[in-house]
S.K.: 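Here's a structure for you.
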Amino acid sequence: MQQATGTSVAKIILLGEHAVVYQEPAIALPIAAIQLIAHLTPRSDHHQQIHSEFYTGSLAASSPTAFSGMAQLIHSLLRFFAAEKQGFDLVIDSALPPERGMGSSAACSVAITRAFYAAFETALNPEVTLNWAAVSERAIHGNPSGLDAATTAASRPQWFVRGQAPHPIAFPKTGSLVIADTGVPGQTKVAVAQVAARLQTHPDATRKLLTTLGQQTQKGALALAADDLVALGDALTAAQAALATLGVSTEALANLIDAAMAHGALGAKLTGSGLGGCMIALAATKAEGQVLQAALQTAGATATWQHDFV
Ligand code: PMV
C-alpha cells in the first residue's frame, strides 16, 4: 500500500427523485465546487484508523455506528486487496453536508474506493466504482437506485435509469441553479419507505404521480437540449407539485420554494429524498441566482450554494 487520495463531488437531483426507484428516468448534476477527499496513509503498525466528521476511531469499533455501511465497504476492499491486516489512517475531508440529499454517503464510498485502488496502484473503471459504492449504499439506504453513486463519481450531468449505465446529458450555456438547505436532515430511507407504503395503500394514484414525475424529467431533458430555461423551470415546479402530493415535501421546503418563486425563480423544487434536506431554484442568470441566494437566506436557509451552468 502507498499513500493515496480519492476524490468525489456533491450531487443534486434536478428531476426524477423517488420515481427513479420505480424505473422512471432522473437527471442529476455533479457539483464540482463541493468536494469530498479521502486521504489514505499506510501505517507500519496494524492500526486501522478512521478520521472523519461522521466517525473517528478504529475501523473495528465502527460497526455499531453510523459509519458501519462505510466500514463494510472498507472491509470488502481490504479483502479484495488481500490486505486485511494492513494498518492505515483514512482521513475523510468533506465539504458536503451529510443527510441533505447531496449524496454525502455515496460521495464518501466513491472517494474511499478511489483512494484504495490508487493506494494499491490498481486501475479502476466507472462500472467497478459503482459496484463498490453499492456495497455501502445498500447497507445505508436499503434500496438505492444507484443514482447518487453514479453522479458523485461523474464530471458531467447524468441521465439515469435504474439498472442501465448512466450517460452524460447536454446542458444549456446559461442559467444557474441555487441550492438551499432547510437545516433539517433529509431522511432517504424513511421517505423511500413512505412512498413504497403509499404505493401499497393507494396504488393507482401513486403510480400516476410517479408517471407524472417521469414525464417532467423527459420534459426537463428536452428543455435542456433546447436551451429553454423557462420550460425547464416549469418542469421543476410541476415535479414539486407531484412530490408534495406524494407526501415527501415539508413546510420548511415549501417556505424556501415559495421565497424563491417570489424572487423571480423560473422554477423550484425539493431535491433528493425530501422530508428535510435541500431545495433547488432555477435562475436565468448568475446575477439573478445571487438575488435568489440572498432571498433564500432571508427566508431561513441555513446554507446556500450556486451552480452556474457555465
Ligand atoms: O436524498 P438523496 O439525495 O439520497 O436522494 C434519494 C433519491 C431517491 O430517489 C429518493 C432514492 C434513490 O435511491 O434514488
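What's counted below: heavy atoms across the whole structure, side chains too, no hydrogens, waters or symmetry copies. Quick caveat: nothing in here was measured; it's all calculated off a predicted structure. Order of appearance sets the numbers: ligands from 1, and atoms from 1 within every ligand.
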S.K.: Considering only non-hydrogen protein atoms, determine which one is nearest to atom 3 (O) of ligand 1 and report residue, atom name and distance to 0.1 Å.
M.R.: Lys11 NZ, 2.5 Å
S.K.: Holding to ring-ring contact (aromatic ring centres under 6.0 Å, His included), I want the full list of residues that pass it with Phe120, two or more places apart in sequence or in another chain.
M.R.: Phe81
S.K.: Which atoms from ligand 1 have a heavy atom of Gly272 less than 4.0 Å away?
M.R.: 1 (O), 2 (P), 3 (O), 5 (O)
S.K.: I need the nearest protein heavy-atom contact for atom 13 (O) of ligand 1: residue, atom name and distance, please.
M.R.: Ser145 N, 2.9 Å
S.K.: Can you confirm whether Tyr117 sits close enough to Ile112 that some side-chain heavy atom of one is under 4.5 Å from a side-chain heavy atom of the other?
M.R.: no
S.K.: Can you list the ligand 1 atoms lying under 4.0 Å from a non-hydrogen atom of Thr188?
M.R.: 1 (O), 2 (P), 4 (O), 6 (C)
S.K.: Under 4.0 Å, counting heavy atoms only: does Ile13 come that close to any atom of ligand 1?
M.R.: yes
S.K.: Would Asp89 and Arg43 count as a salt bridge (charged side-chain N to carboxylate O under 4.0 Å, His left out) here? Give the steps.
M.R.: CA-CA 7 Å; Asp89 283 296; Arg43 289 173 67 127; 3.2 Å; yes
S.K.: Applying side-chain contact (heavy atoms from CB on, under 4.5 Å) between Ile31 and each of Val9, Leu177, Ile179, report the one that passes.
M.R.: Ile179
S.K.: Hey, are Thr304 and Gln297 close enough side-chain-wise for a donor-acceptor pair under 3.5 Å?
M.R.: yes
S.K.: With heavy atoms of His18 as the reference, note each atom of ligand 1 found under 4.0 Å away.
M.R.: 8 (C), 9 (O), 10 (C)
S.K.: Suppose I only count heavy atoms of Gly101 and a 4.0 Å limit; which atoms of ligand 1 are within that range?
M.R.: 1 (O), 2 (P), 3 (O)
S.K.: Quick check on Arg162 - does any of its heavy atoms sit under 4.0 Å from an atom of ligand 1?
M.R.: no
S.K.: Can you spot which of Asp148, Thr271, Thr151 makes a side-chain hydrogen bond (donor to acceptor under 3.5 Å, both in side chains) with Lys11?
M.R.: Asp148
S.K.: Would you please say whether a donor-acceptor pair under 3.5 Å links the side chains of Gln187 and Ser273?
M.R.: no
S.K.: Could you tell me whether Trp132 and Phe116 have their ring centroids closer than 6.0 angstrom?
M.R.: no
S.K.: Using a strict 4.0 Å cut-off to heavy atoms of Glu17, name the atoms of ligand 1 that fall inside it.
M.R.: 9 (O)
S.K.: Enumerate the atoms of ligand 1 whose separation from the nearest heavy atom of Val20 is less than 4.0 angstrom.
M.R.: 9 (O), 14 (O)
S.K.: Using a 4.0 Å cutoff against the non-hydrogen atoms of Ser273, which atoms of ligand 1 qualify?
M.R.: 1 (O), 2 (P), 5 (O), 6 (C), 10 (C)
S.K.: Quick one: which of Asp148, Leu213, Thr271 has a heavy atom closest to atom 4 (O) of ligand 1?
M.R.: Asp148
